[in-house]
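Here's the structure, in structure tokens; my notes come after.
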Amino acid sequence: MREGLRVSGWDCAYANDIDPAKRRMYEARFGKSKEFHLGDVWNTQEVLARIRCAPLLATASFPCIDLSLAGSGCGLRGEHSSAFFGFVEALRSLADRRPALVLLENVPGFITSRGGKDFATAMHALADLGYWLDAFVLDARHFVPQSRPRVFVVGLHRSEVATPTTAPLSPESFADRWRRAIDRQSLALRPRELFRLMQTVSLSTGWMGLDLSVPSPRRKTLADVIDAGDEQEWWDASAVARHSDMMNDLHRNRLALLRAQGGTHIGTMYRRTRNHAMRAEIRVDGIAGCLRTPRGGSARQIVVVVDQGRVRMRWMSPREYARLQGADDFPLLENANQNLFGFGDAVCVPVITWIDRHLLTPLVDSLPSPSRAARAAT
């Protein structure tokens, strides 16, 4: 978040994570500073004591474990994803220092978790704090060669809502300009399930009709991200054969076709459990699969290069993970797994920069001058 926001001049007033490895990655990039709080966001009094200013923006990428398809299915009631309510409590306790803007980020499961009930609960919690809201889905593939759709929620506090830029309207008048604004926008940004939820969830404040358009096509390709040289740690022939044997007929035929075509082809592969058996699934459409945190090796992405019929495979490197998150020169820790966990959990930097440029900064510019005087984020 900080990497993506600082491009336009945001300062960080407070940063939080409970994982010491995340702090080490943060400090490798931004240096040791007092704004980083290693601890539980539920320790509200400590959080407030560390936020000494009246921040303009509060962001939260709360744990997705209980919301994702691979998670427990507990939703916001789960041990991890319930950290969202710790964030809400911190906002509530800030009282008259409550930020004018809020930005949430999470996986698409945030929309579907418990039939949409968790999304509705989260929106009601923010609305009850005085925020008018809008939501959309943005895929990192618009900016980097990685398929990574994420749900984003933008909130503007009601104390700032009478600004011409936002023109918030309530769901009761859903056929008016709010509805027309949403209808004009691509389903890629507002999937039908999200649209349905926004249409049916009635908030104590209301929904905003922010002006969104699909980002311009990306310029980077997978070949720009992957290191294909011989100096990489490529697997031996037996490991390549073992993973080829893990493929079902569809993926095995896909690999055979690339070998027959000649030339150089770069793809990625995941190992997944299908019907109680480990399967290797290859992707060769020029886009990497969604980066994940490695657990037991099965979730770590694999690089596949087919060069004039020769097949090479290896684990994707931390530097390649960084590039796929738009953080090409981000400093790496010595422990590779810590890097992979960090980048697998992170937000894609150019996605945040785009949201800032097209939504956050225009909202800031529309605020009364006292509100936008200090551009600080937590």
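Atom set for the values below is all heavy atoms of this structure, side chains included, hydrogens, waters and symmetry mates excluded. This chain uses plain numbering: 1 for the first residue, then up along the sequence.
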In this structure, would [X] and [Y] fall into the same cluster of hydrophobic residues linked by side-chain contacts under 4.5 Å?
X	Y	value
L67	I18	no
V349	L324	no
L367	W132	yes
I226	I302	no
M316	W234	yes

Distance from [X] atom [atom1] to [Y] atom [atom2], nearest 0.5 Å?
X	Y	atom1	atom2	answer
R24	D17	CZ	CG	11.5 Å
L133	L156	CG	CG	9.5 Å
C64	R150	SG	CZ	6.5 Å
C348	Q146	SG	CD	6.5 Å
D345	T293	CG	OG1	5.5 Å
R97	C53	CZ	SG	7.5 Å

Donor-acceptor under 3.5 Å ([X] side chain, [Y] main chain):
X	Y	answer
N16	G39	yes
W315	W235	no
H37	K34	no
R271	M278	no
H251	E281	no
S93	A90	no
D128	A125	no
R218	F143	no
N339	L333	yes
S81	P63	yes

* To do: Decide yes or no on salt bridge (charged side-chain N to carboxylate O under 4.0 Å, His left out) for R29 and D329, but give the supporting numbers first.
  => CA-CA 9 Å; R29 182 60 165 177; D329 60 348; 3.4 Å; yes
* What do the steps show when you test Y321 against R300 for side-chain contact (heavy atoms from CB on, under 4.5 Å), and what is the final call? -> CA-CA 10 Å; Y321 265 54; R300 184 173 177 182; 3.8 Å; yes
Are [X] and [Y] packed together at the side-chain level, in the sense that at least one heavy-atom pair is separated by less than 4.5 angstrom?
X	Y	value
L91	L126	yes
I352	F152	yes
D134	L359	no
L360	I355	yes
L76	S113	no
R314	D227	yes
R98	R92	yes
H358	L212	no

* Asked: Between F110 and F62, does the ring centre distance come in under 6.0 Å?
  -> yes
* To do: Assess whether side chain to side chain donor-acceptor pair (under 3.5 Å) is satisfied between T221 and D224, documenting all intermediate values.
  => CA-CA 5 Å; T221 66; D224 296 322; 3.2 Å; yes
Nearest non-hydrogen partners of [X] and [Y], listed with the distance:
X	Y	result
A228	V305	CB-CG2, 4.5 Å
R323	V225	NH1-O, 2.7 Å
L255	S244	CD2-OG, 4.0 Å
M269	A280	SD-CB, 3.7 Å
P149	V137	CB-CG1, 4.2 Å
A327	F343	CB-CE2, 4.5 Å

* **Under the ring-ring contact (aromatic ring centres under 6.0 Å, His included) test, residues paired with W42 that sit two or more places apart** =>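 Not a single residue meets the ring-ring contact (aromatic ring centres under 6.0 Å, His included) criterion with W42.
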* **Set of side chain to side chain contact (heavy atoms under 4.5 Å, CB included) partners for R310, sequence neighbours left out** =>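 Side chain to side chain contact (heavy atoms under 4.5 Å, CB included) list for R310, sorted by chain: D230, R312.
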* Partner residues of R141 under the side chain to side chain contact (heavy atoms under 4.5 Å, CB included) criterion, sequence neighbours left out -> D139, S147, R283, I287
* Have a look at D356 and tell me which of T361, L103, V364, V351 forms a side-chain contact (heavy atoms from CB on, under 4.5 Å) with it. =>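 Checked T361, L103, V364, V351 against D356; only one passes side-chain contact (heavy atoms from CB on, under 4.5 Å): T361.
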* salt bridge (charged side-chain N to carboxylate O under 4.0 Å, His left out) between D328 and K220, worked out -> CA-CA 12 Å; D328 298 34; K220 278 190 175 182; 2.5 Å; yes
* Classify the angle between the aromatic ring planes of F36 and Y26 as parallel (below 30°), tilted (30 to 60°) or perpendicular (above 60°). => tilted
* Plane angle bin for H157 and Y131 - parallel if under 30°, tilted between 30 and 60°, otherwise perpendicular ->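 Ring orientation, 0 to 90° scale: perpendicular.
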* Take W354 and H142 through the ring-ring contact (aromatic ring centres under 6.0 Å, His included) test and state the conclusion after the steps. => CA-CA 10 Å; W354 186 90; H142 293 295; 8.2 Å; no
* Decide yes or no on salt bridge (charged side-chain N to carboxylate O under 4.0 Å, His left out) for D245 and R242, but give the supporting numbers first. => CA-CA 5 Å; D245 290 341; R242 185 171 68 254; over 6 Å; no
* Can the positive tip of R6 be found less than 6.0 Å from the middle of the six-membered ring of F30, inside 45° of the ring normal? -> no
* Asked: What do the steps show when you test Q325 against V144 for side-chain contact (heavy atoms from CB on, under 4.5 Å), and what is the final call?
  -> CA-CA 7 Å; Q325 291 286 43; V144 294; 5.8 Å; no
* Using the side-chain contact (heavy atoms from CB on, under 4.5 Å) rule, take M247 and R254 through it: C-alpha gap first, then chi angles, then the decisive distance, then the call. => CA-CA 10 Å; M247 297 179 184; R254 187 174 293 167; over 6 Å; no
* To do: Just do the side-chain contact (heavy atoms from CB on, under 4.5 Å) check on E320 and Q301 with the steps written out, would you?
  => CA-CA 10 Å; E320 290 162 337; Q301 204 149 174; over 6 Å; no
